[in-house]
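What follows is a single structure, written as structure tokens, with notes after it.
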There are 2 protein chains.
Amino acid sequence: MNTLAEENYLKSIYHLSVNAASVTTNQLAALLNTKASSVTDMLKKLADKELINYTPYQGVTLTASGEKVAVNIIRKHRLWEYFLVEKLNFKWDQVHEMAEEMEHISSTELIDRLDKFMGYPKYDPHGDPIPDCNGLFNIHNLKPVAAIGVNETGVICGVRDHSKEFLQYLEKQELTIGKNILILEVIEFDRSMILEMENKKIQISREVANNLLISL
Amino acid sequence: MNTLAEENYLKSIYHLSVNAASVTTNQLAALLNTKASSVTDMLKKLADKELINYTPYQGVTLTASGEKVAVNIIRKHRLWEYFLVEKLNFKWDQVHEMAEEMEHISSTELIDRLDKFMGYPKYDPHGDPIPDCNGLFNIHNLKPVAAIGVNETGVICGVRDHSKEFLQYLEKQELTIGKNILILEVIEFDRSMILEMENKKIQISREVANNLLISL
DNA sequence: TTATAAATTTAGATAAGTCTAAATTTTTTA
DNA sequence: TAAAAAATTTAGACTTATCTAAATTTATAA
Ligand SMILES: [Mn+2]
Ligand SMILES: [Mn+2]
Ligand SMILES: [Mn+2]
Ligand SMILES: [Mn+2]
């Protein structure tokens, strides 16, 4: 139906749309590690297929049908990540690249059965919601740890930065999905934070606090 | 490392090599559903990469390194087929096309963990041997049912024809992997055969008898 | 509000994989 | 063993997805 390149563009447009009304050529070029001119070519093709709304120089948005395709790819990506962690015992920092390939396996029947096999998980290993077979999912309202104050508590539910380096750092600190934290102190000098987690004190930088997401 | 097209050519050369010392351009064109001229182009490329031994007009054989690649793709194909049948409850006639996509997922770590997760299966749902992580596998010596005579017995262990139609027919007749059969009679007129299987009499055509494989 | 900078698109090339039609080589057959 | 047939390769073209360099449009700033 759609080529691998088309699927990757649609997924990228979807992810970039979260933060803005429309997505620019340069944003896509940066995310997809390609050149702006290549992006323009592909945008024309996706517009021809009515998967995006494209006005030259004005950026793009997904059409309803383009969004459906994008959400389906994200569903497959997150279900395969869940599979890799829960069934094959990979760590959460090891699965993204494999899922980048697996998300393009086309069979809907396969992914629906995989979903069932795993008990219809609602969140992937990074805390991101998994769309169901109709494309529906919970958008839980998460805040960065940095947004709460001393004596407030929260439960770790996601990450903003998905890089291997950040995930490995969190793993080492045991700052993983589901853990409860309490803010003990904010250091004035560099705004780093001291947390209590399972009776241990952990100090995290502002950078970390900005990228670790909690629900209250 | 190798492109999807290259992998499919290597796999096809491997499969065709079972029946002959070398594989011809036209055989590959027929199996890959492409034109002889396209095959020639690809053979040059594979020869440049030293994955095949190619002499123009004389057909090809795999080099040791080409065979290693081919066996690894077959390992992945068969392990994914096993997964689809044993874990996701697909029927044996439903899995081949999905596995054709999944066999190109590149991670070796992934496939080795999948292998472990399933308990290191030795045969895929169609009775074909699954190479282990070193590329080694049993070649069990199977005969078509047509090759044995009245009063002889055997255990169904594989199929020669892997088509959906044949697999569905066998499923309906319950002529599946592991079943014991006894030849009761061979009809002279059309050489069709009457078998006993689990206390039932089943008549199969010569065509079926030629494509159903047993061990004695 | 006009010049400059930044973003984007267009023009023209390239590589992979495929195709058709024509040329060449090998095999078969009379 | 020389035509004829079959198999294979070559030549030239097309599509997809990319690229660089140049042109154009939009945004910014003096
Ligand atoms: Mn991911
Ligand atoms: Mn994820
Ligand atoms: Mn198969
Ligand atoms: Mn099989």
Side-chain angles (χ1 to χ4, degrees), chain A residues 1-17 19-62 66 69-70 73 100-101 103-104 106, chain B residues 1-17 19-62 66 69-70 73 100-101 103-104 106:
Chain A
M1 182 87 195
N2 301 300
T3 66
L4 189 137
E6 285 168 354
E7 290 192 345
N8 285 332
Y9 272 86
L10 292 171
K11 188 181 54 154
S12 295
I13 295 167
Y14 183 91
H15 285 312
L16 291 169
S17 294
N19 306 311
S22 92
V23 174
T24 70
T25 301
N26 270 357
Q27 284 179 308
L28 282 166
L31 187 57
L32 287 163
N33 233 287
T34 185
K35 300 294 145 127
S37 56
S38 305
V39 174
T40 300
D41 286 344
M42 181 59 89
L43 295 183
K44 286 179 190 165
K45 190 153 62 122
L46 293 173
D48 282 347
K49 298 179 84 170
E50 297 187 51
L51 293 164
I52 62 172
N53 306 113
Y54 172 53
T55 317
Y57 297 101
Q58 300 309 134
V60 291
T61 57
L62 291 173
V69 174
I73 297 162
E100 286 290 302
E101 290 183 55
E103 72 191 4
H104 302 289
S106 59
Chain B
M1 180 86 194
N2 301 301
T3 68
L4 188 138
E6 286 167 353
E7 290 192 346
N8 284 333
Y9 272 86
L10 292 171
K11 186 181 55 154
S12 296
I13 295 167
Y14 183 91
H15 284 311
L16 291 169
S17 295
N19 307 308
S22 94
V23 174
T24 69
T25 302
N26 270 357
Q27 284 178 308
L28 281 166
L31 187 58
L32 287 162
N33 233 288
T34 185
K35 301 293 146 134
S37 56
S38 305
V39 173
T40 300
D41 287 344
M42 182 59 89
L43 294 183
K44 287 178 189 165
K45 193 153 59 122
L46 294 173
D48 282 348
K49 297 179 85 171
E50 297 186 52
L51 294 163
I52 61 172
N53 306 114
Y54 171 53
T55 319
Y57 297 101
Q58 301 309 135
V60 290
T61 58
L62 291 172
V69 175
I73 297 161
E100 286 289 304
E101 290 183 54
E103 72 191 5
H104 302 290
S106 58

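We use all heavy atoms of the structure for the numbers below, so side chains are in, but hydrogens, waters and symmetry mates are not. All chains are named by letter (A, B, ...) in the order of the sequence lines, taking the proteins before the strands, and each is independently numbered beginning at 1.
A search for side-chain contact (heavy atoms from CB on, under 4.5 Å) contacts involving Ala29(A) returns Val39(A), not counting sequence neighbours. Scanning for side-chain contact (heavy atoms from CB on, under 4.5 Å) contacts around Ala20(B) gives an empty result, with sequence neighbours left out. Applying the side-chain hydrogen bond (donor to acceptor under 3.5 Å, both in side chains) rule to Ser22(A) yields no partners; only residues at least two apart in sequence or on another chain are considered. Every residue meeting the side-chain contact (heavy atoms from CB on, under 4.5 Å) condition with Thr24(B), not counting sequence neighbours, appears here in chain and number order: Asn26(B), Gln27(B). For Thr40(B), there are no side-chain hydrogen bond (donor to acceptor under 3.5 Å, both in side chains) partners, not counting sequence neighbours. Residues that satisfy the side-chain contact (heavy atoms from CB on, under 4.5 Å) test with Ser17(A), not counting sequence neighbours, are Ile13(A), Val23(A).
Per the geometry, CG belonging to Asp48(A) stands 11 Å off P belonging to dT16(D), to the nearest Å. Here the C1' atom of nucleotide dA15(C) and the CE atom of Met42(B) are 12 Å apart, to the nearest Å. Per the geometry, CG belonging to Leu46(B) stands 15 Å off C1' belonging to dT18(C), to the nearest Å.
For the contact set between residues 5-13 of chain A and DNA chain D, defined by any heavy atom under 4.0 Å, the members are Ala5(A), Tyr9(A).
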Margin query: Base contacts versus sugar-phosphate-only contacts with protein, heavy atoms under 4.0 Å: please encode nucleotides 7-14 of chain C as B, S and - from 5' to 3'.
Written below: SBBB----

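Sorted by first and then second residue, the salt bridge (Lys or Arg N to Asp or Glu O under 4.0 Å) pairs with a member in residues 2-12 of chain B read Glu6(B)-Lys45(B), Glu6(B)-Lys49(B), Lys11(B)-Glu100(B), Lys11(B)-Glu103(B); sequence neighbours excluded.
Side chains of Leu10(A) and Ile52(A) form a contact here, defined as non-hydrogen atoms less than 4.5 Å apart.
Lys35(A) has no side-chain polar atom (N or O) that falls below the 4.0 Å cut-off from OP1 or OP2 of dT18(D).
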